Amino acid sequence: MVKPLIVQKFGGTSVGSIESIQKVAKHIIQAKEAGCHVVVVVSAMAGETNRLQSLADDIDAVPNARELDVLLSAGEQVSMALVAMMLNKLGYSASSLTGGQANIVTNDQYNNASILDIRVERIVNLLSHNHIVIVAGFQGVNKLGDITTLGRGGSDTSAVALAGALNAQECQIYTDVDGVYTSDPRIVHRAQKLAVVDFPSMKVMAQKGAKVLHLPSVCYAHEHKIPLRVLSTFQPGSGTLIKGDKSYQNVTGLAIQKTLTLVTLAPEFCDSVLKQCQLLGVEVWNVIREAEWAGVVIKQESCAKLMLVFSEKIRNTKAVSLLTMVGLQASHFVDAAFDCLSNVNIEICYTFTTVQALMLLLAPCDIEKAANVLHDAFVVFSDSKAQQSIFD
Ligand code: ADP
Ligand code: ASP
Ligand code: MG
């Protein structure tokens, strides 16, 4: 009988020290001893990618995109070797591979590449020789063989894509929390762990700032029906399974994105700014079109890029945060959210709705309090008066 294969991905905190890498090795060995082939994907050690990015920023506000990828991909190369060495030391055959060595082929979009293809022969060959294979996450190579990276948080996507290419039984994302919560448990005190989250809700959560999973990893797992589980490296438990197409919650959770910039401009420049964003690979979070002004919400770190080519057309830039209520009924809660927040003297700068989400643009100083207040009103007490009143 063919051995089952699992992919295990370990994030930055999980490989953040030699002590943590010992814990990582335990999970890998457990799966191996249970009779599985194991392919492991690792992130850079905690803080390392930020350190590398800030070295580049010290040279240039908009560093050369190709060279930035050469630099940023180095962090994962350190972790993969350390994990392989640890497994060797514990008596297991293990080989580490960079994205290029693992034949992960991407498009040419430096800093935010998409995986096009993974030629798995080399990995399969190593597995057949009883090796545990450790692959550097977050990176691939384009058709020229140049290093590309998949966007911040992209190791999750490396893991899911490898799980798909290798027909894995499950893709396990090991991290520093024990599953997906109704909101970021580091910010929202009464966030609750979810045993299962449906794919559409998880996509909106990831898209709107819940960095526990990289958005393309959720999309890919959904599209290719890859069982995806989030669980903790440091605590026992079965974590959260991402599964199914339908949400049964009015509000599944709250996603928080703290560091955004609202760029305001004259309405007639809005279309050209949007075009520039597309050309520069700047992700647009929201667009506001009013008679007197227009606004484009982008990540704070993308602002320098946009200013470089568009500064004379920009009226103002302002730091903002976005709180997104996720769920099929979320968009019905605009008035209730206004009431809840005005009771605690928090002003909403702007609201946006979609079929599955209510987004609130807030001042960064208010985001944590607002998240806790709205979570308690709409998520924890799901039969609360605030929700009931909508359906009366
Ligand atoms: P890793 O380095 O393992 O990839 P990340 O820092 O990228 O880990 O993602 C894990 C973090 O995501 C958690 O520490 C938590 O603060 C944050 N997070 C945000 N939203 C959620 C959520 N809804 N559920 C769980 N964690 C969340
Ligand atoms: N090391 C990369 C980052 O910090 C990729 C990842 O961790 O998934 O964004
Ligand atoms: Mg991550």
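Counting convention: from 1, in listed order, for ligands and their atoms alike. Quick caveat: nothing in here was measured; it's all calculated off a predicted structure.
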Atom indices of ligand 1 within 4.0 angstrom of Thr175 heavy atoms, with elements: 1 (P), 3 (O), 8 (O), 10 (C)
Test item, Gly179 contacting ligand 1 (heavy atom, 4.0 angstrom): yes
Arg152, any N or O under 3.5 Å of ligand 2 N or O: yes
Ring geometry between His27 and Tyr174 (parallel below 30°, tilted from 30 to 60°, perpendicular above 60°): tilted
Contact check, Lys9 vs ligand 1, heavy-atom distance below 4.0 Å: yes
Test item, Glu76 contacting ligand 2 (heavy atom, 4.0 angstrom): yes
Nearest heavy atoms of Ile28 and Gln8, plus distance in Å: CA-OE1, 3.4 Å
Main-chain N/O of Thr149 paired with Asp69 side-chain donor or acceptor, under 3.5 Å: yes
Protein heavy atom at shortest distance from atom 27 (C) of ligand 1: Val212 CB, 3.7 Å
Asp156 N/O to ligand 1 N/O under 3.5 Å: no
Distance filter under 4.0 Å to Ser43 heavy atoms, resulting ligand 2 atoms: 6 (C), 7 (O), 8 (O)
Contact atoms of ligand 1, heavy-atom distance to Met205 under 4.0 Å: 23 (N)
Min heavy-atom dist Ser183 to ligand 1 below 4.0 Å: yes
Whether over 12 other heavy atoms sit under 6.0 Å from Glu301 CD: yes
Within-shell test, Gly12 vs ligand 2, heavy atom, strictly < 4.0 Å: no
Per-residue contact class, Asp184 against ligand 1 - non-hydrogen pairs under 4.0 Å: both
Residues, nucleotides or ligands: over 12 heavy atoms within 6.0 Å of Lys211 NZ: no
Expected output: side-chain Asn372 to main-chain Ile187 donor-acceptor under 3.5 Å: yes
Check: Asn64/Tyr110 side-chain N/O donor and acceptor closer than 3.5 Å: no
Ser342 side chain to Asp339 backbone, donor-acceptor under 3.5 Å: yes
Distance filter under 4.0 Å to Ala210 heavy atoms, resulting ligand 1 atoms: 19 (C), 20 (N)
Which residue and heavy atom of the protein sit nearest atom 7 (O) of ligand 1, plus the separation: Lys211 O, 3.4 Å
pair Val24-Ser14: side-chain heavy atoms closer than 4.5 Å: yes
Any N or O of Thr182 closer than 3.5 Å to N or O of ligand 1: no
Hydrophobic cluster identity match, Ile256 and Met205, side-chain contacts under 4.5 Å: no
Shortest protein heavy-atom distance from atom 11 (C) of ligand 1, along with the residue and atom involved: Asp176 OD1, 3.9 Å
Gly153, any N or O under 3.5 Å of ligand 2 N or O: yes
Distance from atom 2 (O) of ligand 1 to nearest protein heavy atom, with residue and atom: Gly12 N, 3.1 Å
Per-residue contact class, Ala255 against ligand 1 - non-hydrogen pairs under 4.0 Å: neither
Ionic contact status for Arg66 with Asp108, cut-off 4.0 Å: no
Close approach of Ser43 to ligand 1, heavy atoms, under 4.0 angstrom: no
Atom of Leu52, atom of Leu71 and distance for their closest heavy-atom approach: O-CD2, 3.2 Å
Val180: numbered ligand 1 atoms lying under 4.0 Å from its heavy atoms: 24 (N)
Nearest-option assignment for atom 24 (N) of ligand 1, heavy atoms, candidates Phe138, Tyr181, Tyr174: Tyr181
Side chain, backbone, both or neither: Arg186 near ligand 1, heavy atoms under 4.0 Å: side chain
Atom 6 (C) of ligand 2: nearest protein contact (heavy atom, Å): Ser155 OG, 3.4 Å
Side-chain heavy atoms of Met359 within contact of Thr351, under 4.5 Å: no
Salt-bridge criterion met for Asp176 and Arg186 (N-O under 4.0 Å): yes
Check: Gln169 side chain, Leu5 main-chain N or O, donor-acceptor pair, under 3.5 Å: no
Heavy-atom gap Gly75 to ligand 2 smaller than 4.0 Å: no
Heteroatom distance test (Asp156, ligand 2): nitrogen or oxygen, under 3.5 angstrom: no
